[in-house]
Amino acid sequence: MTKHTPGPWESGLDFKNAVTAPSLDDSPIATTHNFTGYDDGQQEANARLIAAAPQLLEELKLAIQSLEHLNHGPHKGTERAKALMEALA
């Protein structure tokens with residue numbers, strides 16, 4: 001599996017629908033598009049979500065570690081951790 005561009009990523013610096021990685025040359029690593037023909041804010045919202053991906057990935061890894069330590073209750077932590085690990089694959 002190829003590694004992703006290291007974060008942090010940012011959105012809305014040059015264009016509201018572009019995601020950039022300041023660790024690179026600030027060229028967009030992703031752009032979002034809305035094919036409905038009018039600006040309903042969807043492009044900008046999607047760009048923000050994409051830009052949050054590296055931080056979300058790190059938080060997910062921490063959540064998995066926390067869940068692996070929970071082996072009691074109605075929702076066993078290890079089962080949830082396995083589901084999250086599958087989402088990362």
Side-chain angles (χ1 to χ4, degrees):
M1 177 168 40
T2 305
K3 289 188 167 214
H4 65 80
T5 303
W9 296 353
E10 297 176 357
S11 67
L13 295 180
D14 295 324
F15 302 98
K16 66 182 177 180
N17 68 325
V19 177
T20 58
S23 62
L24 298 175
D25 63 0
D26 285 335
S27 296
I29 58 171
T31 56
T32 59
H33 300 279
N34 181 347
F35 297 104
T36 62
Y38 62 94
D39 183 8
D40 62 359
Q42 186 176 26
Q43 286 179 286
E44 189 173 356
N46 288 340
R48 285 193 312 268
L49 180 60
I50 293 167
Q55 182 181 358
L56 291 171
L57 176 61
E58 291 307 311
E59 294 298 327
L60 180 59
K61 289 177 181 178
L62 291 172
I64 290 169
Q65 289 175 358
S66 296
L67 287 171
E68 287 174 339
H69 296 295
L70 299 174
N71 260 339
H72 61 281
H75 303 289
K76 292 189 183 270
T78 54
E79 293 171 11
R80 295 285 182 209
K82 286 179 188 175
L84 292 173
M85 289 296 291
E86 288 176 7
L88 288 177

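Since we're looking at a predicted model, the values are computed, not measured.
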Student: Could you work out, with side-chain contact (heavy atoms from CB on, under 4.5 Å) as the rule, every residue matching Glu10, not counting sequence neighbours?
Tutor: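 Listed in chain order: Leu13, Thr20, Pro22.
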Student: Search all heavy atoms of Ala21 against all heavy atoms of Trp9 and return the closest pair with its distance.
Tutor: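 Reported closest heavy-atom pair: CB-CD1, 3.8 Å.
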Student: How would you list, by chain and number, every residue that makes a side-chain contact (heavy atoms from CB on, under 4.5 Å) with Asn17, sequence neighbours excluded?
Tutor: Phe15, Thr31, Thr32, His33, Gln43
Student: Which pairs with one or both residues in residues 42-55 pass salt bridge (Lys or Arg N to Asp or Glu O under 4.0 Å), sequence neighbours excluded?
Tutor: Glu44-Arg48
Student: Here's a test for you: under side chain to side chain contact (heavy atoms under 4.5 Å, CB included), which of Leu49, Ile29, Thr5 qualifies with Val19?
Tutor: Ile29
